[in-house]
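Reminder, nothing fancy here: chain letters follow the sequence lines and each chain counts from 1.
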There are 2 protein chains.
Amino acid sequence: MGKRFPTVAAHQRVTIDDVARRAGVSTATVSKYLANRDYYIAEGTRRRIREAITELDYLPNAAARALAKQRSQMIGVVVPSIVNPYYPEVIAGIEDVTEAAGYTLSLATTNDSPERESAVLASMRQQRVAGMVLGRAPRDEDLARIAGTGIDTVLVSRESVGTDIDRVQVDSVAGATMATQHLIEHGHRRIAHIGGPQDAYSFKQRAQAYRDTCTRAGLDYIDLEVHNRYPTMADGADACRRLLEKHSPTAVFVANDLMAMGVLDHCNRNGIRVPDDLAVVGFDNVWVAGLPNVELTTIDASARLIGQTAATILLRRFEANDSEAPDATGATSTVIPPRLVTRRTCGCD
Amino acid sequence: MGKRFPTVAAHQRVTIDDVARRAGVSTATVSKYLANRDYYIAEGTRRRIREAITELDYLPNAAARALAKQRSQMIGVVVPSIVNPYYPEVIAGIEDVTEAAGYTLSLATTNDSPERESAVLASMRQQRVAGMVLGRAPRDEDLARIAGTGIDTVLVSRESVGTDIDRVQVDSVAGATMATQHLIEHGHRRIAHIGGPQDAYSFKQRAQAYRDTCTRAGLDYIDLEVHNRYPTMADGADACRRLLEKHSPTAVFVANDLMAMGVLDHCNRNGIRVPDDLAVVGFDNVWVAGLPNVELTTIDASARLIGQTAATILLRRFEANDSEAPDATGATSTVIPPRLVTRRTCGCD
DNA sequence: CTGAAAGCGCTTACAG
DNA sequence: CTGAAAGCGCTTACAG
């Protein structure tokens, strides 16, 4: 029989019972007060509870609440990396909207390891997060598990395809078209493309839009693919070298900023002047692209806006769940319009 | 009387009872199995439980466990910003060690707003996080509240001082000394310093170490202070302008990389050649400092290592709490040795 | 407008 | 080696 040891950290650990006792009401009433929905509570009662709470410095226990309500106030955020400058912006965007709504962020990083990803998703399930935003499309197996739990999820992955999950992404086709078109307008006729791994859908879209735009303009296209799933500066530099060995483009559209910066680096080291010898346009507009000595012309993928949008969609799902309405709105796909940011490397400025 | 509505998301929501039933044992036994400490459980029982868990795809409910154990498996991480390249590295470091230990990260950003900070700390208390690492020293009021809860906390703030909390920081004195000394060794005699807000302890230390080093070398010192709490590139550029209006240093040691990059920018725009006209050394070694066109010489503040160390300290505290030992080890202060990273802007290379 | 009581899904001393 | 039962701190239909 559980003789209860005095709570180890007896410190102040004040509970709803303490508040109720002090205010001279039942815990049920305090709970209702806390829920602050449209419960009717006498003004006097309300005041006494309010006072008791302040006097005791009471903060409800989130775990107890989560257990009772069968749902936590956490939103899981799973990204491949947090050091990559793209994701912190997405996360900031998520926080912009979830904070106000009273949600908390549970963050996990996968380093793009499948095992780690499964583990992380399991952890999110254990935590019974209210929703998740994933920076990478989960594998079918994990996807099924998630679906089974009914945890609302939105993908901000740049590589997601036909999964039945809400998704928000930048419009890669529009962005790549703008980038290519801009180079054409600068007068270039030999425009190359350094693409990301083509099994990632958005990279594929970017490459295709590049080709289509060239074709429409009556230009040949020269494209190259980098296979690293998360292409880095080194990949970009290397691709640039390969490209220039065989071809002599006057401009290149690079599928992401990190690679584009690698291209700049390669040019720098090899006496290739940018933009005079080679104009460069990237994709993403990570903040680093705007640095003084970088000044990369690029397509703004609105990472922060994507985060905000993802969070907004999640909150909307929550509401729909509550209202117990038909709710069967299928998975949505939101496309954020990109924006061309002209700087030094394309020849503007 | 609570006639229980069928759980809305009845999906699979499998509980420890389901596992116990399926394995033909009591929930207590399953719980012991889960705790996997040195409980004695018959091998057969152990196997049946293991099978039941797999078959049912059971994942314990973290909220229930947290409630029962009076402690969650979360570690709160509170940083001023997540877009600033310094903090993601710290966070990555924290995750490096907490992940393996089975802890989860609860992330919150304060934007350096005091109100937001109080709110965030309250949220951490509500969540009953097992521990916290704070990127900024809390105000006395909040500090007292935290102490009251007994939540283990470690500061990685660059501005912390005499609070009674575990702390890990880079050795600012050693770093600033190395930076200044290096410039002296390059033959400079007129070395300036652009400092951060001097009410932040580490910035003060850096300025003081700079002065001391100059003095020891028989040089005059010229220093300037930026007041913005989180000094940016713009602050650095502006400080550089002010500096050059009145003085003609041949080198400058800048108190953080962001400002140093602003200095580079200012020079760039005004035809001041780096390092020939002005040598520059920063502090932090955020990854951006290593970019091809930046190549800033700087002091590596080991952000990731700081994160790792902070997390390690936290875990050690947890152990001490469990062992119920004298435990009264006072607040520790860990100092990480810095490292000079020479690149282009100091004249090396 | 308010309260009694069951229930959320675990853990843990105790008693076998 | 195993289990019954109390307790963690909330919420919520129901009955007043």
With sequence neighbours excluded, give me every ring pair (Phe, Tyr, Trp, His ring centres under 6.0 Å) pair touching [range].
range	value
residues 88-144 of chain B	B:Y103-B:F318
residues 131-150 of chain B	none
residues 112-141 of chain A	none

Return no unless some side-chain N or O of [X] is found under 4.0 Å from OP1 or OP2 of [N].
X	N	answer
A:S26	C:dT2	no
A:Y33	C:dG3	no
B:T15	C:dC8	no
B:S31	C:dT11	yes
B:Q70	C:dT11	no

Check: B:T27/B:D17 side-chain N/O donor and acceptor closer than 3.5 Å: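 On atom types as modelled, these side chains do not qualify, holding no pair under 3.5 Å.
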
Rounded interatomic separation in angstrom, taking [atom1] from [X] and [atom2] from [N]:
X	N	atom1	atom2	answer
B:R21	C:dC10	CZ	C1'	15 Å
A:R13	D:dC8	CZ	C1'	10 Å
A:I16	C:dA4	CD1	P	13 Å

Do B:K69 and D:dG7 have a side chain to base donor-acceptor pair shorter than 3.5 Å?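 Such a pair does not exist between side chain and base.
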
Among C:dG3, D:dC10, D:dT2, which nucleotide sits nearest the side chain of A:R65?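 Nucleotide nearest to A:R65's side chain: D:dC10.
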
Set of side chain to side chain contact (heavy atoms under 4.5 Å, CB included) partners for B:T104, sequence neighbours left out: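 Scan of B:T104 (side chain to side chain contact (heavy atoms under 4.5 Å, CB included), adjacent residues dropped) gives A:S106, A:S123, A:Q127, B:M74.
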
For B:A28, report the nucleic acid contact type (base, sugar-phosphate, nothing); a contact means any heavy atom under 4.0 Å.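 Base: the residue B:A28, judged by heavy atoms under 4.0 Å, touches a nucleobase.
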
If you assign each of B:T45 and A:Y58 to its closest nucleotide in DNA chain D, which residue comes earlier from the 5' end?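 Looking at the nearest nucleotide for each, B:T45 comes out on the 5' side.
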
Quick one: list whatever passes salt bridge (charged side-chain N to carboxylate O under 4.0 Å, His left out) with A:E117, sequence neighbours left out.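 If we apply the salt bridge (charged side-chain N to carboxylate O under 4.0 Å, His left out) test to A:E117, skipping adjacent residues, there are no hits.
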
With both pairing distances under 3.5 angstrom for Watson-Crick or G-U wobble, and | for a partner in another strand, the correct string for DNA chain C is |||.||||||||.|||

